[in-house]
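Just so we're on the same page: letters track the sequence lines, and every chain starts at 1.
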Amino acid sequence: MSIKRTAQSVALSLVAAAAMTTGAAAGGHGIDLTGKTVEWVIPFSETGGSAKWANFYAPLLSEALPGQPTVVVKFMPGAGSTKGANWFQDQEFKDGTVIFGSSGSTQFPYLLGDPRVKYEYGDWNVVLASGTGGVAYLPPELASKMDGLDASLLQGEDFIYGSQGATRLDLVPLLAWEMLGLQVEPVFGIKGRGDGRLMFERGEANIDYQTSSSYLSGVTPLVEAGTAVPMMSWGALDDDGNIVRDPTFPDMPTFKEVCEATAGCETSGEQWDAWKAFFIAGFPAQKMVFLPKGASNDAIVSYTAAFEAIKARADFAEISAGRLGAYPQMTGEAAKKALQSGTDVPEAAKTFVVNWLEERYGVTLN
Amino acid sequence: MDIIATALPALGDAFGLILQPIVLGYLVLGVVMGLAIGVFPGLGGIAGLSLLLPFMFGMDPILGLALMVGMVAVVPTSDTFASVLMGIPGSSASQATVLDGFPMAKKGQAARALSAAFAASLFGGLVGASFLTIFILIARPIVLEFRTPELLMITIFGLSMVGILAGRVAVKGIVAAGLGMLVGTIGEGASAGDLRMATYDLPYLTDGLKLVIVGLGIFAIPEIVSLLRQDRAISDRAQLGGGWLEGVRDWFANIWLSVRCSIIGVVVGVIPGLGGSVVDWIAYGHTVQTTKDKSGFGQGEVRGVIGPESSNNAKEGGGLVPTLLFGIPGSGSMAIFIGAIALLGSGQIEVGPAMLKNNLDITYSIVWLLALANVVGTLICIAGSGFIARLTNIRFALLAPFLFMIISFAAFQSGQNLMDLVALFGIGLLGIMMRRFDWSRPAFLIGFVLSDPAETYANQALQIARSRFRRGFEDGMEYIFSPIVIVLLIITVISVIVGLRQAKNIMAEGDVQAGSKRAPMIFLGIVFAYIVAAYWNAALIPGDSTDRVFPMFVAGVSIAGCLYLSVRMMLKPETDVMFADRERSGDEADAAHGLWSTLGWFAGLLVLTSLLGFILALALFLAAFLRVRAGLSWAMAAAYTAAGIAFMCGMAGLLNRDFPPGLLQEYVDLPWPLT
């Protein structure tokens with residue numbers, strides 16, 4: 001192990017040097033993690049999307065951090081990520097060897113006031129925010145009823161959607177479809193979005209959505225085979241906070257465009273504001289890396305520099321395209337801004353969603 | 001013709017890729033690592049693949065695949081050691097193997113049982129790969145025919161195996177299965193997140209109990225405690241010479257059974273959503289049904305080992321279909337496998353619907369690497385089985401503390417929570433009582449394993465069917481009663497009728513004498529009380545939530561069963577089979593040590609762990625046990641303890657795992673592994 005580590009450190013001294021320089025430039029001294037082991041805690045099981053994301057970054061992070069520590073991903077599943085996040089809340093900063101990866105599923109219970117949430121995003125220090133997008137799609141015979149961007153002809157159909165639960169990320173598509181006037185009945189109890197796609201392929205569900213990377217690998221072949229047709233993307237945020245076309249799917253209309261063209265759907269008012277707020281919380285700032293509360297400025301600087309060095313790799317675009325999609329990997333101020341928009345939802349939007357969940361799905365959050 | 005035209009060149013390419021010395025070298029390396037990890041109960045492919053993940057980034061795809069496939073393929077082979085030799089189900093794939101494998105070990109035929117199992121595994125793996133080579137090309141449309149009603153029907157078919165394993169009093173077996181299903185519903189419901197028999201004040205329960213813990217508690221702990229009380233070796237007679245050759249001959253004599261069970265394994269493995277949890281039970285049920293003389297099952301019938309073992313390696317092959325063709329992992333290890341494939345090379349292999357079109361050669365490479373890994377792994381295992389089988393001749397008091405160590409560590413891996421050990425102890429106690437009073441433990445486990453799919457698929461099928469019926473009556477009927485559902489329904493009904501008629505002859509746990517009335521009635525009372533509590537608890541969930549329906553239904557049926565049993569107990573004399581009680585006669589009654597004092601040792605480990613953390617507690621436990629119970633000298637006890645601790649730390653260090661902390665660690669910061 002130590003031989004390997006030495007070899008690594010020799011081979012990658014360039015990257016490390018770059019990282020240290022950037023770190024120093026940002027105004028701190030940085031920390032040295034030589035010979036240490038960084039534990040990256042993921043509050044989900046080994047099998048989910050967050051695991052893929054962390055497993056993608058871990059070896060790169062190990063190379064880029066000063067001293068080339070071993071970076072291990074630790075899984076701490078339980079209570080839909082609440083258990084791991086509560087655990088992280090209790091961690092005091094020591095030497096920067098504990099970091100945490102959160103996801104949209106960690107944000108939503110926090111935003112909705114789930115009684116099990118004992119964590120506070122404000123206490124943590126964000127060093128990376130990864131965005132993603134999502135695409136809704138239909139079977140061809142239903143897609144043909146879309147009149148351009150106008151979805152009104154779909155309003156009389158019976159839709160079935162395989163869902164992981166109305167309080168999860170699924171609330172973004174469910175609310176969007178409801179705003180379009182579609183009668184979508186969620187079938188709960190599926191274990192992951194892949195199962196939802198399978199239900200669609202079996203013809204049991206007739207509407208579905210996938211996050212961008214799953215759409216690219218799982219649905220694009222169906223689209224090519226003519227058994228699925230994209231309906232819309234959720235869009236992406238520009239620098240001013242407006243919803244624009246998703247850079248990964250520039251030819252696809254966004255939900256906003258479809259909504260504008262469909263009778264009865266409004267892109268203003270409390271329903272729209274609530275949808276937009278939860279979309280922002282769930283997608284453009286979906287996965288984040290944190291240092292625990294009380295982290296030293298040096299540690300924050302070192303990690304920020306390390307993630308910047310990863311982004312600056314010549315092959316980053318190539319190796320990340322399949323795993324992460326063409327989405328911003330934000331560090332520094334941009335990450336802070338993403339965290340801000342992802343965890344600070346207006347009170348009105350919260351109240352609207354809590355009431356809507358209770359009225360529509362009988363879900364109470366206490 | 002078209003299919004063959006594309007398949008043959010790809011198959012040729014695949015063999016060209018595989019049959020390079022370096023690829024084979026990586027494969028063997030993976031196999032050896034997989035065997036080493038698979039031997040430990042509770043550590044399966046997930047632990048092994050996590051270990052390999054950091055090395056996958058940018059690795060040559062075929063080498064990485066060889067390493068990973070080698071490791072995943074042999075886990076269901078090597079976990080047979082624990083099932084046969086110790087009665088510990090190493091993973092869900094080897095639960096049914098315990099039923100006849102362990103009794104064979106007790107009869108001094110461990111080597112024979114092991115080699116029969118390995119020969120069957122090897123054959124199953126090869127049949128699976130051959131079948132897949134053709135099937136994978138036409139699998140997609142067939143797999144898509146298995147909609148929710150079909151999945152529900154397969155789950156029910158799996159549950160119908162309870163009929164065969166119910167024991168002498170069928171209703172007792174049904175209640176045991178009902179109890180297993182109710183234990184399986186503990187925690188947050190899948191559809192609305194309502195809590196069943198759990199509270200947010202005890203967060204551990206909201207996630208439900210894990211299969212590892214229930215499997216170890218129900219099967220392993222009762223056997224370990226029982227053997228420990230009798231203070232002897234596992235095998236009650238000296239090793240019979242040349243056992244391993246005999247096992248291979250047994251397998252060859254039953255080759256057609258092996259073929260049929262392999263096919264069952266591939267086919268069930270192919271269907272996404274069920275994973276491997278039912279395969280070995282269905283294979284075991286099939287084995288029992290097709291055997292003329294059923295009296296040997298549960299007491300060391302070699303066919304009972306060959307059947308499930310043929311199916312569980314074949315299942316790994318079948319499980320590749322949903323994984324590679326749909327990008328939907330059939331198991332936890334397959335999920336990591338998918339993630340790891342994305343890290344290989346420059347990430348050009350994209351698992352999912354495009355796999356066959358773009359990477360047919362890679363697909364075939366994976367299928368045949370799997371087969372090859374099976375061959376290598378089996379040969380290593382057979383070579384070692386004669387030697388390892390000697391473990392069964394060691395005095396059990398020397399073995400037991402290390403088994404407690406290993407199963408505690410395994411249980412802790414599932415939730416990394418001290419509560420894991422408490423749950424293991426609780427379920428272990430239930431297992432001990434079920435064994436004592438002759439309640440079918442396999443029925444309980446089948447109920448537990450299938451509880452979640454039964455509930456989820458039933459709710460989903462109902463909901464989708466309602467929507468179809470709204471569209472039209474014919475549409476709805478077509479959805480529910482597809483040809484596949486009807487065929488499965490007929491098979492299930494036949495299997496239940498035949499099974500119940502035969503159940504009386506199959507004593508999966510051996511003959512148990514009846515004793516007095518009091519103890520069996522108290523146990524029934526406790527089971528009854530839990531079931532009523534579960535019913536009442538589910539009934540409190542608000543009416544519009546579907547999370548209440550399934551537990552209420554299962555509890556309702558079980559309550560009816562309990563009432564029947566209560567009435568029958570009152571009417572029958574105390575010599576009736578109803579009052580079977582192991583403490584009355586046989587090995588248990590003559591045991592050198594009492595139940596509670598033996599269990600007390602394990603409880604002591606638990607309490608010490610909660611105070612001092614696992615490693616310190618383990619050191620004290622091992623030393624004390626070896627000195628006091630096994631009667632070693634202090635010096636010997638200390639040496640054994642040191643070896644045990646060193647081994648545990650080495651294992652955990654390698655796999656990067658922590659140990660359960662105790663109260664002490666709240667106050668003092670200790671270095672690993674004492675944390």
Which region of [X], side chain (C-beta onward) or backbone (N, CA, C, O), has a non-hydrogen atom less than 4.5 Å from a non-hydrogen atom of chain A, or is it both or neither?
{"X": "B:E188", "value": "side chain"}
{"X": "B:D194", "value": "neither"}
{"X": "B:F337", "value": "neither"}
{"X": "B:D207", "value": "side chain"}
{"X": "B:S467", "value": "both"}

I'd like to know which of [options] tops the heavy-atom pair count under 4.5 Å against chain B.
{"options": "A:V219, A:I160, A:D315, A:T82", "answer": "A:I160"}
{"options": "A:G162, A:S163, A:A58, A:G218", "answer": "A:G218"}
{"options": "A:R197, A:K83, A:E39, A:Q164", "answer": "A:R197"}
{"options": "A:V71, A:V73, A:V72", "answer": "A:V72"}

Under a 3.5 Å distance rule, please check whether [X] uses its side chain to pair with a backbone N or O of [Y] as donor and acceptor.
{"X": "B:R147", "Y": "A:M199", "answer": "no"}
{"X": "B:Q463", "Y": "A:P186", "answer": "yes"}
{"X": "B:Q460", "Y": "A:F188", "answer": "yes"}

* For residues A:R202 and B:T148, determine if any side-chain heavy atom of one lies less than 4.5 Å from a side-chain heavy atom of the other. => yes

* Side chain proximity check, A:V187 to B:N459, heavy atoms < 4.5 angstrom -> no

* Segment of A:N206 engaging chain B (4.5 angstrom heavy-atom cut-off) -> side chain

* For A:I190, is it the side chain, the backbone, both, or neither that has a heavy atom closer than 4.5 Å to a heavy atom of chain B? -> both

* Asked: Should the heavy atoms of other residues, nucleotides or ligands under 6.0 Å from NZ of A:K145 be counted, would the total exceed 12?
  -> no

* Between A:E157 and B:R470, does at least one N-O distance fall below 4.0 Å, as a salt bridge requires? -> no

* Asked: Between A:E204 and B:P149, which heavy-atom pair has the shortest distance, and what is it?
  -> OE2-CD, 3.7 Å

